[in-house]
Every structure is written in C-alpha cells, then in structure tokens.
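Comments concern the structure below.
Letters go in sequence order (proteins before strands), and every chain restarts at 1.
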Amino acid sequence: MEEIKGQEEKSERSLNFIEEIIEDDLRNNVNESRVHTRFPPEPNGYLHIGHAKSICLNFGLGKKYQGKTNLRFDDTNPVKEDVEYVDSIMEDVKWLGFDWEDRLYYASDYFEQLYEYAIILIKKGKAYVCDMSAEEISETRGTPSRPGKESPYRSRSVDENLELFSRMRAGEFPDGSKVLRAKIDMASPNMQMRDPVLYRILHATHHRTGDTWCIYPMYDFAHGQSDSIERITHSICTLEFEVHRPLYDWFIREIGIYAPRQIEFARLNLSYTVMSKRKLLELVQEKQVKGWDDPRMPTICGLRRRGYTPESIRNFADTIGVAKRDNVIDVSLLEFCIREDLNKKASRIMAVLNPVRVIIDNYPDGIVEEMEAINNPEDETKGKRHLPFSKEIFIERDDFMEDPPNKFFRLAPGREVRLKAAYIIRCERVVKDPGTGEITEIHCTYDPQTKSGMPDSNRKVKGTLHWVSAKHAVEAEIRLYDRLFSKENPDDAEEGKTYKDYLNPDSLKLITAKVEPSVRNAGISEKYQFERIGYFTVDYDSTPENLVFNRVVPLKASW
RNA sequence: UGUCCCGUGGUGUAAAGGUAGCACCAGAGAUUUUGGUUCUCUUGGUCUAGGUUCGAAUCCUGGCGGGACAACCA
C-alpha cells in the first residue's frame, strides 16, 4: 500500500531529460530493457559536491529503474593517480549511502583487452604509430577554425604499425618518442577527430599494474570501451565531453563491440566556492585550508567533517535537478538542505558563545535546581534532559542592550525575558569595568512563580534566552566556519587577480564557548542544535577534556 | 574566425502546440518557552526579431548572449 502510493508520487514527478531518454529506451526495448550506469572517477584527487551530483544521478538511476551501477576507477594515467585517492573515493561513495555491491572495476583491468582493440584498429588500417613529438603533433593539429596537417607517418603499412606498436609495448622506445594514433580526419571541424592519440609511452609505475605496462591508453580510447566491456547502457558524463561523443561512437563502431550511449549533463557549480580539482589542490598545498577535509572545502570529506549528513547531500542533489544548461547553485540551497535535515534530527542544547555573567540577586545562594528541557520539539521520542540552574548564569552578550531599539526583544534594563526552560527574570542594573566600560555583570531578579510548567510561566514576555549555569558550564572550542570565498564566483576574477584574491579572511573564527554539561561526553560527529544559534557537530579533534565543535550552519535569522 | 551545445522570475528546475508551475532566496502576516520550526500570503520570468498556427516557452528562420573543443590529462 505504502509502496504503491510512493510509486504513484514518483511517476507524477516530472522526469529530467536523462530519465526521459531511459524511459524511451525502456519502451522501445533497447538493451533488452536493462539499465546499467557507472560512476567513473579518476583516482587523482578527492571527491567534491560536484561528484556527489554525479554519484547520486548514476546510482539513483540504477535504483529507480531496477538496474545496476558500477564503480569504476578510470586509472589510465599512472603519473597522477594513487591508492590514497582510490580509498577515499570508495569511502565517500559509501558514506553517501550508495552500494556498488560486487561491481568494483578499474580501467586498468582492461589494459590487455584495450591493447587487443588497438590491434584491431591497426589491422583495419584505422590506427598508426606516429613518431612526431608532442609539440609537432600539437602544431599540425590546426586550430578549431583551421584544418590540421596529416602526419608523415600516417601511411605506414599495417605490418610496420603492428611491429612498432608491439615494440612500444615491449619497452623499446623512450617516453614521448612514439604514439599510436587513430586515422580519422585531420580536417574534421571537430578537433577530437583529428587523428587523436590512443596510446602514449609512459615508463611509470601504475598503482595497480605496477611495471607491467609502459604504454597507457588515453581517456578516449579507454572510457567507451570500458563502458562497453561492462555493458553499460547509459554512460552519463559532463558537458565538456560532448565533443568527444563522435569519437566515443567511432571507436565502438570501428572495433565492432557493444555500444553504450553517452549522455552529457551540466556539471554543478556552487556559489562562493571553487570546484576544480586543480584549485582545490592548490588551496590544500598552499595551506589556505587545513587539508582536503577542511570543513570549508566543498569536498565530500570536508562537508562530512563540517557536519553535513548524507541525506542532506542526496536531497540537495535531487533538488538541483539535471539539465544541460550551465548553472550556479546558490549555497543557500545547500544550507537549506542541511537545516531541514538537522532540524528533525539534532538534539537541542544550550551553549553561550559570547558569554556575559548574569547574577540573580534574589535567588538563594548555593542552591542548584534541575530544570527539565525538551531535547527536540520536532521529535517527542528524543525525550527530555535536566539542566542545572543556579544564581549565576551566562547569557549571550548580544542578548543584552543597555539602550535597545524598540524591535529588540531581549534583555535590557527594567525589561523581562524568559530563560528557556527556567524562570522569567528582570534586569535591575549592570556593573561595568571602570577602565573599559565593558559590562561585566548584569544583575537581575527572578520571579519564583514563573518556573517552566508553573501557571504563571505562561505570562507573555517578548523574549526567550538561552543560558548556562556559570558554575556548571563546560568550556568548548568552537570553530565558526563561513564561506571560503567572499565573491559569488571566485573564478570570475578581475584583471590581474586570481580566485585566491577572493578568499574570505573570516572563513574561520575560533572562540571558546560555555556549553551545558550534558554534552561533555558527546561522540565525534554528533550533531546538535545550539538553541537560537545554529547547528554544530563534534569535530574529529574533540576529546572529553577538550571539546571541539564545528558550526555546520547558523540558524536562519530573520530580523 | 570553424563545429557542437545551451538560453524560462535573483538562483535552480518543470510545462512534449492549449491556465507559465515547484523549490530556494527575498518581503509580509499568524503561531511559537528557539527572532528556529510550522502555516498563510506577496513581489518577480519565457534573450530578441520575424514566420507557421485558432493558439508558441515549445515548431521554423535570422540575430544576440553564454559555454565546450586546439594535453602524449580525465
């Protein structure tokens, strides 16, 4: 019953253009009505939120159409790749909540098969060994508006090509001395079709195949064929590969193997951050951030450490949709997604980030009351907890004003406020530091009849403040994160500037806060809402002796 | 100055020739022991010029604008 309803709701939702293609294929019984996708990262860096979009898309499609999704490492360039990245990528995909089951593959698994495919092309006269240098090849490729020139080696005989290619594999030639090229069309308006390189010589140790190979296939010669070998039905990639599609199809056709269909979508751009691997790497290497998992980074591991949940990221990916036009998603949508999730899940606690001491003059000395507080008003099952209350407490300095404007609902001389889960208090006077003029103590009186739950506590007061008992509060390091860049699109730099000129100098502020004692033993990654402030998570650096919280996102503030 | 792709509120994304909808953002109000949440409401859009049609965001043509492609990277 539940399930039928769920399916109905799903089918009512409009399809994105990829789903339309798939459903069309399903209707026409293309690929025996199978759906098989793949997520194909190169293990040369950490995954970011843009990859999350692709992961959610590919695995989401597999699930939606009762198909399968592979994880495949596109590891054809040994000089850039490393197992460190393989491991982190697997961790991130799992954390996001997806499962490739037994379908973990590597392009390097197919090196032998790919080599055989190359032989097929050579034998058909569709590939040749070229002795030109990289510079020469580049020079003779032409420009987008001018045709290229054919290589003098283009007309080598099949036998000579076969022999040369075999000797390339055998390690007889140094790096860069020869390549295998497809023989297509040097005058093609599509640059990708101007005799692209299929294999290059690289005497480098591969993280999986070691020194077995000294020739490595290029992306174009590996990707489509890998898709074909895995019998991928819909090979989904980003827009910049659109011009590669004719080549993708050409290889498949000329080799004569199963033909997957490549479909391109627009990659995710997020405001106030950068997404390119090169730039993220630079930020890490130049120590602009503390590492790949710095909570300001748009990496999956950064977002995880920041306190984002897999659900929130999946929901984000769902909400932004999939299309072909370039887009920049506002971070506020990402923030909305994590607030929405954490609002339901996070226990509320009281924490005072910028404390000022309040003394309740008419409250008895030496008494400690246990106040009952609701853990999550959105979820009754989360229960209640007890908070110590005493004569001296801390409130936020911002929650007091000596000379308040009329829309200020908080504490001020002569005004009453409610202390959440405790009493209504009235400010009587303040004590200032004679030197600096800074307020050091706020003296109040409380109304004993207004303890939460008592009839008089229903009295209307304008403001409700959070607080912690001075004697019982625990100190905690708080890391207040803000957007990494102060410019919406840091890539759009003015003359003579780079994206790094727009780094936000205030993207991290460290403070020491007073938090309620119940969180003393909070576990790593535990999420909380600091009442009236924002969502926070326990950082990896945190210990019971030295609590550390990261601010995930502030609460929405509307005044 | 070639080929290809793309133009819908501020940002995303729907509408497959027939009422331009949804989400975020912004603004207003109600509720609230969180200035949170929840609820209600509001502002605001089809790049442009023609054409086809009873009717065009949708089809056609031109223009304009944005993007991709000239790594032995992916």
Side-chain angles (χ1 to χ4, degrees), chain A residues 13-16 20 40-42 44 74-77 79-81 130 132-135 137-139 141-148 175-181 188-194 196-202 215-216 218-220 222-223 237-246 264 266 271 277 319-337 339-340 343-344 348 350 373-374 377-378 407-410 417-422 424 450 452-453 457-458 460-466 488 529-535 554-559:
Chain A
R13 265 184 64 182
S14 53
L15 305 176
N16 64 49
E20 281 184 11
E42 182 188 17
N44 69 342
D74 217 338
D75 55 351
T76 57
N77 186 0
V79 302
K80 286 191 173 177
E81 298 153 6
C130 180
M132 290 199 293
S133 68
E135 296 71 45
I137 289 178
S138 172
E139 281 161 18
R141 199 187 310 276
T143 69
S145 52
R146 219 187 296 272
D175 286 4
S177 60
K178 284 181 168 47
V179 291
L180 184 70
R181 288 228 253 172
S188 171
N190 183 345
M191 297 290 291
Q192 308 303 321
M193 302 299 274
R194 320 242 266 227
V197 172
L198 271 43
Y199 270 89
R200 75 282 211 185
I201 301 172
L202 237 39
I215 56 171
Y216 291 93
M218 299 289 289
Y219 163 84
D220 286 302
H223 201 98
C237 62
T238 46
L239 246 29
E240 66 269 28
F241 292 103
E242 215 158 15
V243 286
H244 292 243
R245 187 170 2 114
E264 311 85 10
S271 61
K277 272 185 190 173
T319 306
I320 60 177
V322 180
K324 292 191 76 160
R325 63 189 101 115
D326 295 320
N327 61 83
V328 183
I329 310 285
D330 202 292
V331 277
S332 61
L333 183 60
L334 223 206
E335 293 176 345
F336 166 80
C337 290
R339 284 195 191 104
E340 184 187 43
N343 178 48
K344 293 178 302 195
R348 274 59 171 168
M350 298 220 246
I374 293 165
E378 308 292 317
K407 291 278 272 183
F408 188 78
F409 298 157
R410 313 175 199 182
V417 292
R418 183 190 307 281
L419 294 175
K420 175 101 184 174
I424 294 173
T450 59
S452 286
S457 75
N458 291 327
K460 289 279 175 213
V461 283
K462 271 195 212 157
T464 300
L465 307 188
H466 61 278
E488 189 169 327
Q529 185 196 96
F530 288 6
E531 202 116 15
R532 299 211 303 137
I533 300 176
Y535 293 100
L555 247 35
K556 206 174 147 189
S558 53
W559 64 286

Query - Letter per nucleotide, 5' to 3', of nucleotides 68-74 of chain B [B base touched, S only sugar-phosphate touched, - untouched; heavy atoms, 4.0 Å] - result: SSBSBBB

Query - Per-nucleotide protein contact string for nucleotides 34-39 of chain B (B base, S sugar-phosphate only, - none; heavy atom under 4.0 Å) - result: BBBS--

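Salt bridge status for A:K324 with A:E242: present, with a side-chain N to carboxylate O gap under 4.0 Å.
Side-chain polar atoms of A:N190 and A:S188 form no donor-acceptor pair below 3.5 angstrom. For the residue pair A:N44 and A:E42, a side-chain donor N or O sits within less than 3.5 Å of a side-chain acceptor on the partner.
In this view, A:R418 satisfies the salt bridge (charged side-chain N to carboxylate O under 4.0 Å, His left out) rule with no residue, not counting sequence neighbours. With sequence neighbours excluded, no residue forms a salt bridge (charged side-chain N to carboxylate O under 4.0 Å, His left out) with A:R200. Shown here are the ring-ring contact (aromatic ring centres under 6.0 Å, His included) partners of A:F241, two or more places apart in sequence or in another chain: A:Y219, A:H244. Every residue two or more places apart in sequence or in another chain that forms a side chain to side chain donor-acceptor pair (under 3.5 Å) with A:D74 is listed here: A:H223. Remark: A:E81 pairs with no residue by the salt bridge (charged side-chain N to carboxylate O under 4.0 Å, His left out) rule, at least two apart or across chains. In this view, A:Y535 satisfies the ring-ring contact (aromatic ring centres under 6.0 Å, His included) rule with no residue, not counting sequence neighbours. Listed by chain and number, the residues in a salt bridge (charged side-chain N to carboxylate O under 4.0 Å, His left out) with A:E531 are A:K420 (sequence neighbours excluded).
Counting heavy atoms from C-beta outward, A:V461 and A:T450 have side chains that stay 4.5 Å or more apart. No side-chain heavy atom of A:T76 sits under 4.5 Å from any side-chain heavy atom of A:Y216.
Spacing between B:U11 and B:G18 at atom C1', rounded to whole Å, works out to 29 Å. Between B:U48 and B:U37, the distance separating the two C1' atoms is 45 Å to the nearest Å. Taking atom P in both B:A74 and B:C69, one finds a spacing of 15 Å when rounded to whole Å. Atom name P, nucleotides B:U40 and B:C25: the rounded distance is 16 Å, in whole Å. A gap of 23 Å separates the C1' atoms of B:U43 and B:U38, to the nearest Å. Taking atom P in both B:U13 and B:A56, one finds a spacing of 26 Å when rounded to whole Å. Going from the P atom of B:A68 to that of B:G29 covers 45 Å, rounded to whole Å. Between B:C59 and B:G21, the two C1' atoms lie 23 Å apart (nearest whole Å).
Between the P atom of B:G2 and the CZ atom of A:R146 lies a distance of 12 Å, rounded to the nearest Å.
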Contact list (N/O, under 3.5 angstrom) for nucleotides 43-48 of chain B vs protein:
none

Atom pairs, protein N/O to nucleotides 13-15 of chain B N/O, distance under 3.5 Å:
unit_1: B:U13; atom_1: OP2; unit_2: A:R325; atom_2: NH1; d: 3.0
unit_1: B:A14; atom_1: O2'; unit_2: A:S14; atom_2: OG; d: 3.1

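The CG atom of A:L334 lies 8.5 Å from the CD1 atom of A:I320; values are rounded to the nearest 0.5 Å. The CD1 atom of A:I424 sits 11.5 Å away from the CG atom of A:L465 when rounded to the nearest 0.5 Å.
Across all strands shown, A:V79 has no heavy atoms under 4.0 Å from either base or sugar-phosphate atoms.
Heavy atoms only, all atoms of each residue included: A:V322 and A:N16 are closest at O-CB, 3.7 Å. What you find for A:S271 and A:V328 is that their closest heavy atoms are N-CG1, 3.9 Å.
Helical stems in RNA chain B, defined as runs of 3 or more consecutive Watson-Crick or G-U wobble pairs with both donor-acceptor distances under 3.5 Å, are listed by first residue as B:2-7 with B:64-69, B:10-13 with B:21-24, B:26-30 with B:38-42, B:47-51 with B:59-63.
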